[in-house]
> 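Right, I'll just put the structure down here and ask away after.
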Amino acid sequence: MAGRPLTATNGPQTPPHSPAATLRPAPRVGGGHASNGARHWRRPARPRATPASPGPRWRIGGGCRRLAAMLGFLSGRQAGLDDPLRLRRAEATRRVLSLELNKDRDVERIHGNGINSLDIEPVEGRYMLSGGSDGVIVLYDLENLSRKPSYTCKALCSVGRSHPDGHRFSVETVQWYPHDTGMFTSSSFDKTLKIWDTNTLQPADVFHFEGTVYSHHMSSVATKHCLVAVGTKSPKVQLCDLKSGSCSHILQGHRQEILAVSWSPRHEYILATASADSKVKLWDVRRASGCLTTLDQHNGEKTKASSEAANTAHNGRVNGLCYTSDGLHLLTIGTDDRMRLWNSSTGENTLVNYGKVRNESRKGLKFAISCGCNPEFAFVPCGSTIAVYTVFSGELITMLRGHYNTVDCCVFQPNFQELYSGGKDCNILAWIPALREPVPDDVSDKCLPQQHLNPAYEDAWSSTDDEG
């Protein structure tokens, strides 16, 4: 089922169509002309060797180092000596490491209670959904339509309890249809999963369940099925088929409620589920038996663990899981205050030590993983803060502070390396990469000769005016 592209028939503002990207030729470098119209060339002086211990000029705000590194990346890319993606990864990583609470960007406050879920559509990265404990779903436009430095991301529309088809209780999960903005989904404590038409704000389909719905997820890579995985108070995982409009089949194996579900971004038939029974299971939904493996925190070494802890991913409720963007690893979090990284192919615990990861949530915890960085980062709600970890080394990079109450969800915007978070304080905060520190011309001139240049560039020619 595919919806129509999002239009502005349902909101106070008219979101314009995104302009097509235009490519402009790069300006010519070193194009100075002599007064007599002739062009003269001369060999530039060789750069001085970098001293063994950097002098005071190298420490000016770190600007010189960043400028030299950036020019090195650009030169290597231009000459074909570096991977074209290397510069992009380096800049994306720098931006993530400089995330800070943006004082010039606000998100309009609509919710009257805690915010449980956020999702940014993957088509344009412009529209964001939020679902709250007040049963309200809000659709935001993240683009700066005012073109002013300080602006507020406005709510285009909302679906509250006064809506005839709105949810009656807390909305636990919202998700965009992965392929266009014409449709989105929501699930709630009112035991329903609803498929919404974005343009009319009317449900195209409704699925009813016997128990409370904690989580649902659609695959971003599926081409041969339209299944929505649903985790409820029942220990059975429900699979709803959008084509037929019915629950196609169930997956049995857990013993308690399902708190989190996630499709693999690498294999369209592989599903991960997390339960209050301390277990995480990987399923191939094509198989009759279903379950591929049950993740074991001890990697099968039962002699070193008690029989109760065998074949468990955590020593408490597992209420959060998230795949890395390439689908090769799975990150899980439990109420035992531990986070674990798993090889999604072998099911092996990689034994990365993240230390104590505070987790007091009694329901699903929605955290995020970066995309396109080196290394990749995990953004994990931790009390009233958001902890930022390196995924593969477990290092705690920083704590993002700004909320006044518990943070329950966050979502990463990979196009601009931005992070949005929601919590029980009813606020959605925008974490934006800090602007680069300006480097004065006289400082940059002193710094450039000190960079480590590839020998291929040392004898480069430039165009200058004739001084003779």
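Hydrogens, waters and symmetry mates are skipped; everything else that's a heavy atom, side chains included, is used.
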> With the side chain counted from C-beta on, respond yes when Ile115 and Cys409 share a heavy-atom pair under 4.5 Å apart, and no when they do not.
yes
> Would you indicate whether the side-chain heavy atoms of Ile270 and Asp284 approach each other to under 4.5 Å?
yes
> With heavy-atom distances below 4.5 Å as the criterion, would you say the side chains of Thr324 and Leu331 are in contact?
no
> Ignoring hydrogens and angles, tell me if any N or O in the side chain of Ser344 forms a donor-acceptor pair with the backbone of Leu328 under 3.5 Å.
yes
> Give me the atom names and distance for the closest heavy-atom approach of Ser219 to His225.
CB-CE1, 4.3 Å
> Show, in sequence, the C-alpha distance, side-chain angles and deciding distance for Asn144 and Ser146, and conclude whether the side chain to side chain donor-acceptor pair (under 3.5 Å) test is met.
CA-CA 6 Å; Asn144 182 7; Ser146 68; 2.8 Å; yes
> Using a distance-only test with no angle check, is there a side-chain donor-acceptor pair under 3.5 angstrom linking Arg340 and His314?
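Yes - a donor-acceptor pair under 3.5 Å links their side chains.
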> Look only at the side chain of Asp205 and the backbone of Phe207, and say whether a donor-acceptor pair between them is shorter than 3.5 Å.
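Judged by distance alone, no pair lies under 3.5 Å.
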> Can you name the closest pair of heavy atoms from Pro235 and His254 and give their distance?
CB-O, 3.3 Å
> For the backbone of Gly316 and the side chain of Thr335, can you confirm whether one donor and one acceptor N or O come within less than 3.5 Å of each other?
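It does not hold such a pair.
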> Which atom names give the shortest non-hydrogen contact between Val411 and Asp119, and what distance separates them?
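Between these two residues, the closest heavy atoms are CG2-CA, 4.3 Å.
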> Would you confirm whether Glu91, through its side chain, and Arg88, through its main-chain N or O, come within 3.5 Å as a donor-acceptor pair?
no
> Hey, does Leu201 have a side-chain heavy atom less than 4.5 Å from the side chain of Leu139?
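The answer is no; the side chains never approach within 4.5 Å.
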> Mind checking side-chain contact (heavy atoms from CB on, under 4.5 Å) for Asn116 and listing every partner two or more places apart, or none if nothing turns up?
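Per chain and number, Asn116 pairs via side-chain contact (heavy atoms from CB on, under 4.5 Å) with Ser133, Ser170, Glu172, Lys363, Asp408.
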> If you take all heavy atoms of Ile369 and Cys322, which pair is closest and at what distance?
CD1-O, 3.8 Å
> Considering only residues two or more places apart or on different chains, which pairs with a residue in residues 369-392 satisfy ring-ring contact (aromatic ring centres under 6.0 Å, His included)?
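Of all non-adjacent pairs touching residues 369-392, those that pass ring-ring contact (aromatic ring centres under 6.0 Å, His included) are His329-Phe392, Tyr354-Tyr389, Phe379-Phe412.
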> Applying the salt bridge (charged side-chain N to carboxylate O under 4.0 Å, His left out) test to Glu257, which of Lys236, Arg317, Arg362 qualifies?
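Among Lys236, Arg317, Arg362, the one meeting salt bridge (charged side-chain N to carboxylate O under 4.0 Å, His left out) with Glu257 is Arg317.
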> Not counting sequence neighbours, list each pair that qualifies as a salt bridge (charged side-chain N to carboxylate O under 4.0 Å, His left out) and has a residue in residues 346-357.
none
> Say whether, by atom type as modelled, one donor and one acceptor occur between the side chain of Glu100 and the main chain of Ala434 under 3.5 angstrom.
no
> Are any of the side-chain heavy atoms of Asn349 and Asp296 separated by less than 4.5 Å?
no
> My understanding is that only residues two or more places apart in sequence, or in another chain, count here; which of them pass side-chain contact (heavy atoms from CB on, under 4.5 Å) with Ser188?
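Expected list: His167, Phe169, Asp190.
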> Who passes side-chain contact (heavy atoms from CB on, under 4.5 Å) against Ala430, sequence neighbours left out?
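Testing Ala430 for side-chain contact (heavy atoms from CB on, under 4.5 Å), a comparison that skips the adjacent residues, returns Arg105, Tyr420, Ile432.
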> Counting N and O atoms only, with roles assigned by atom type, does the side chain of Glu124 sit under 3.5 Å from a partner on the main chain of Tyr127, one being a donor and the other an acceptor?
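Not at all, since once roles are kept as given, no pair shorter than 3.5 Å links the two residues.
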> With sequence neighbours left out, what residues match Phe416 under side-chain contact (heavy atoms from CB on, under 4.5 Å)?
Arg95, Gln413, Glu418
